[in-house]
Amino acid sequence: MELDLNAMHRLAAEQGIDAETLDNALTEALRLAYMKTPHAAKHARIELDDRAGTFTVWAQDEIPVESTEDDPHPAPKLGEEYDDTPRDFGRLAAATARQVISQLFRKAEDDKIFGAFSGQRGKLITGVVQQDAKDTANVHIAVGDVEAILPRREQVPGERYRHGERLRVYVVNVARGLKGPEIIVSRSHPELVRRLFEREVPELNSGAVSIMAIAREAGARTKIAVRANTEGVNPKGALIGPGGARVRAVMENLGPEKIDIVDWSNDPAKFVAAALSPAVATGVKVISEKNKTAIAFIHDDQLSLAIGKEGQNARLAAKLTGWKIGIESAEAHQGAPAEHES
């Protein structure tokens with residue numbers, strides 16, 4: 001049976017598919033197609049002849065074997081191979097070949113996309129917002145010829161995504177899905193803020209300054225703890241930038257979200273006190289290092305600032321430090337011992 005194998009090999013080579021991969025996929029597909037034909041032999045293999053541009057179905061019949069006492073249910077033997085290529089198999093074979101090539105091409109394209117984006121996991125990319133009437137729960141982000149998905153769970157509450165708008169997103173995951181590579185991106189991930197600062201702050205890329213922790217309630221507020229790794233460098237000043245230019249550039253990508261930048265410390269009391277900024281703690285008492293619990297003492301006129309709207313400031317401070325923080329009035333605890341005085 002004729003099949004233009006040379007032309008198929010040339011097409012496959014253009015897509016980076018080697019001849020062996022194509023031949024293996026084609027022989028298996030033709031074998032399965034043959035098995036669906038009437039009176040097909042149970043055992044068959046496909047032989048391709050690249051030079052002649054033909055293929056042959058070689059079949060084998062089962063020969064019953066008499067049972068014995070030692071082997072009451074013997075497996076049948078296979079007879080000699082014979083040519084069982086169906087005479088009217090040409091049209092089905094051609095359709096099968098087209099399907100195989102299409103699947104291989106799609107897989108090659110998927111592999112190319114997956115390879116390109118697997119290295120982007122954990123990075124910041126820029127795309128263009130696309131609307132999809134069939135998928136209203138998710139936002140589609142075009143990155144070149146590829147569409148990434150911004151799921152509802154990764155969207156910022158209240159943030160609007162307008163068709164055609166350029167948007168910076170954080171790549172959460174790249175995986176092989178049923179319909180090809182799935183690129184999941186986020187606007188709400190805390191690491192988005194880190195990547196935005198890395199674009200603006202040379203000291204982060206040089207290692208002079210490190211972001212030690214991030215706590216974020218997307219769309220509302222983010223707290224960042226920083227430290228200097230080089231003498232003479234002001235870590236908070238590096239992120240804020242001259243006249244606040246650097247932090248302002250980051251905030252332009254985050255809409256109305258506010259950013260607090262605080263000093264990190266390996267002293268829990270100092271870190272807890274700093275994390276409650278913009279409120280000023282008069283002292284912090286570590287209750288249990290094992291359970292990571294502490295009490296911060298705040299002047300009465302700053303208690304609401306320390307707690308924040310609906311408890312947000314205290315909640316973010318706890319998330320940033322990893323400590324459970326109680327907030328109490330400094331005036332009501334004048335005699336309480338303070339392990340850290342701010």
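For the single chain, residues carry numbers from 1 onward in sequence order. Everything numeric in this text was worked out from a predicted model, so none of it was measured. Every heavy atom of this structure was used, including side-chain atoms; hydrogens, water molecules and symmetry mates were not.
Under a hydrophobic clustering in which Ile, Leu, Val, Met, Phe, Trp and Tyr are joined whenever their side-chain heavy atoms come within less than 4.5 Å, directly or via other members, Val143 and Leu192 fall into different clusters. Ile325 and Leu320 fall into different hydrophobic clusters, where Ile, Leu, Val, Met, Phe, Trp and Tyr residues are linked whenever their side-chain heavy atoms come under 4.5 Å apart, directly or through other members. With hydrophobic clusters built from ILVMFWY side chains whose heavy atoms lie under 4.5 angstrom apart, Tyr170 does not share a cluster with Val129. Follow the hydrophobic side-chain contacts under 4.5 Å out from Val57 and you reach Val100 in the same cluster. Residues Val233 and Ile224 are members of one and the same hydrophobic cluster, defined by side-chain heavy-atom contacts under 4.5 angstrom among Ile, Leu, Val, Met, Phe, Trp and Tyr.
Inter-residue side-chain proximity for Phe197 and Arg246 is flagged as unmet; no heavy-atom pair is nearer than 4.5 Å. Between Trp264 and Ile211, the closest side-chain pair of non-hydrogen atoms is not below 4.5 Å. Side-chain atoms of Ile141 and Leu167, non-hydrogen and from C-beta on, do get closer than 4.5 Å to each other. At least one side-chain heavy atom of Leu303 sits under 4.5 Å from a side-chain heavy atom of Ile327. For the pair Val169/Ser186, no side-chain contact is recorded, criterion being any heavy-atom separation below 4.5 Å from C-beta on. Contact check for Ile298 versus Leu276: side-chain heavy atoms found under the 4.5 Å cut-off. In this structure, the side chains of Glu81 and Arg45 come closer than 4.5 Å at one or more pairs of heavy atoms. Contact annotation: the side chain of Thr126 approaches that of Arg166 to within less than 4.5 Å [non-hydrogen atoms, C-beta and beyond].
Contact detail for Ser277 and Val262: the closest heavy-atom pair is CB-CG1, 3.9 Å. The shortest non-hydrogen separation linking Ala29 to Thr96 is CB-CG2, 3.5 Å. Closest approach of Val226 to Pro235, counting heavy atoms only: CG2-CB, 3.7 Å. Smallest separation of non-hydrogen atoms from Pro72 and Ser67: O-CB, 3.1 Å. Closest approach of Ala59 to Tyr34, counting heavy atoms only: CB-OH, 3.9 Å. Residues Leu92 and Ala33 approach most closely at CD2-O, 4.0 Å, considering heavy atoms.
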Stepwise side-chain hydrogen bond (donor to acceptor under 3.5 Å, both in side chains) check, His163 with Gln130: CA-CA 5 Å; His163 183 78; Gln130 303 292 306; 4.5 Å; no

Stepwise side chain to side chain contact (heavy atoms under 4.5 Å, CB included) test for Gln120 and Val174: CA-CA 8 Å; Gln120 298 295 314; Val174 181; 5.5 Å; no

Glu217 vs Arg315, salt bridge (Lys or Arg N to Asp or Glu O under 4.0 Å): CA-CA, chis, key distance, verdict: CA-CA 10 Å; Glu217 291 190 1; Arg315 190 164 58 247; 2.6 Å; yes

Check against side chain to side chain contact (heavy atoms under 4.5 Å, CB included), Ile259 and Ile261: CA-CA 6 Å; Ile259 297 177; Ile261 303 170; 4.0 Å; yes

Side chain to side chain contact (heavy atoms under 4.5 Å, CB included) between Leu305 and Asn313, worked out: CA-CA 8 Å; Leu305 190 63; Asn313 194 62; over 6 Å; no

Working for side-chain hydrogen bond (donor to acceptor under 3.5 Å, both in side chains), residues Asp61 and His43: CA-CA 7 Å; Asp61 293 329; His43 304 277; over 6 Å; no

Gln302 vs Val280, side chain to side chain contact (heavy atoms under 4.5 Å, CB included): CA-CA, chis, key distance, verdict: CA-CA 7 Å; Gln302 291 202 358; Val280 178; 3.7 Å; yes

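Put simply, the side chain of Gln60 never gets that close to the backbone of Ala44: no donor and acceptor are under 3.5 Å apart. At least one donor-acceptor pair under 3.5 Å links the side chain of Thr27 to the backbone N or O of Asp23. Side chain of Glu165 to main chain of Arg162: a donor-acceptor pair is present (N/O by atom type, distance under 3.5 Å, no hydrogens or angles). In this structure, Ser265 contributes its side chain and Asp267 its backbone to a donor-acceptor pair below 3.5 Å. Checked by atom type and distance alone, the side chain of Lys223 pairs as donor or acceptor with a backbone atom of Ala275 at under 3.5 Å. A donor-acceptor pair under 3.5 Å links the side-chain atoms of Arg248 to the main chain of Gly243, judged by distance alone.
The CZ atom of Arg227 lies 4.0 Å from the CE atom of Met212; values are rounded to the nearest 0.5 Å. Between the CD atom in Glu47 and the CZ atom in Phe55 there is a gap of 12.0 Å [rounded to 0.5 Å]. Separating the CD1 atom in Ile149 from the CZ atom in Arg152 is a distance of 13.5 Å, to the nearest 0.5 Å. Remark: Leu196 CG to Arg168 CZ distance equals 7.0 Å, nearest 0.5 Å. For the atom pair Trp58 CH2 and Ile46 CD1, the distance stands at 11.5 Å (nearest 0.5 Å). Summarising the geometry, atom CG belonging to Asn234 is positioned 10.0 Å from atom CD belonging to Glu203; distances are rounded to the nearest 0.5 Å.
Side-chain atoms of His39 and Asp84 form no donor-acceptor pair, as typed in the model, at a separation below 3.5 Å. With hydrogens and angles left out, the side-chain atoms of Thr68 and Asp71 include no donor and acceptor closer than 3.5 Å. Inspection of the Arg121 and Asn173 side chains reveals an N or O donor paired with an N or O acceptor under 3.5 Å. Side-chain atoms of Glu159 and Tyr161 include a donor-acceptor pair closer than 3.5 Å. For the 3.5 Å distance criterion, the side chains of Asn291 and Thr293 fail to qualify, holding no donor opposite an acceptor. In this structure, a donor-acceptor pair under 3.5 Å is present between the side chains of Asn229 and Ser210.
Salt bridge Arg187/Glu154: absent, no basic N to carboxylate O contact under 4.0 Å. Between Lys77 and Glu62, none of the side-chain N atoms (NZ, or NE/NH1/NH2) sits under 4.0 Å from a carboxylate O, so this pair counts as no salt bridge.
In the displayed structure, Lys319 atom NZ is contacted under 6.0 Å by more than 12 heavy atoms of other residues, nucleotides or ligands.
For the pairing with Glu331, the side chain to side chain contact (heavy atoms under 4.5 Å, CB included) check across Thr282, Asp300, Asp301 returns one residue only, Asp300. Between Arg216 and the options Arg221, Glu191, Glu257, a side chain to side chain contact (heavy atoms under 4.5 Å, CB included) holds for only Glu257.
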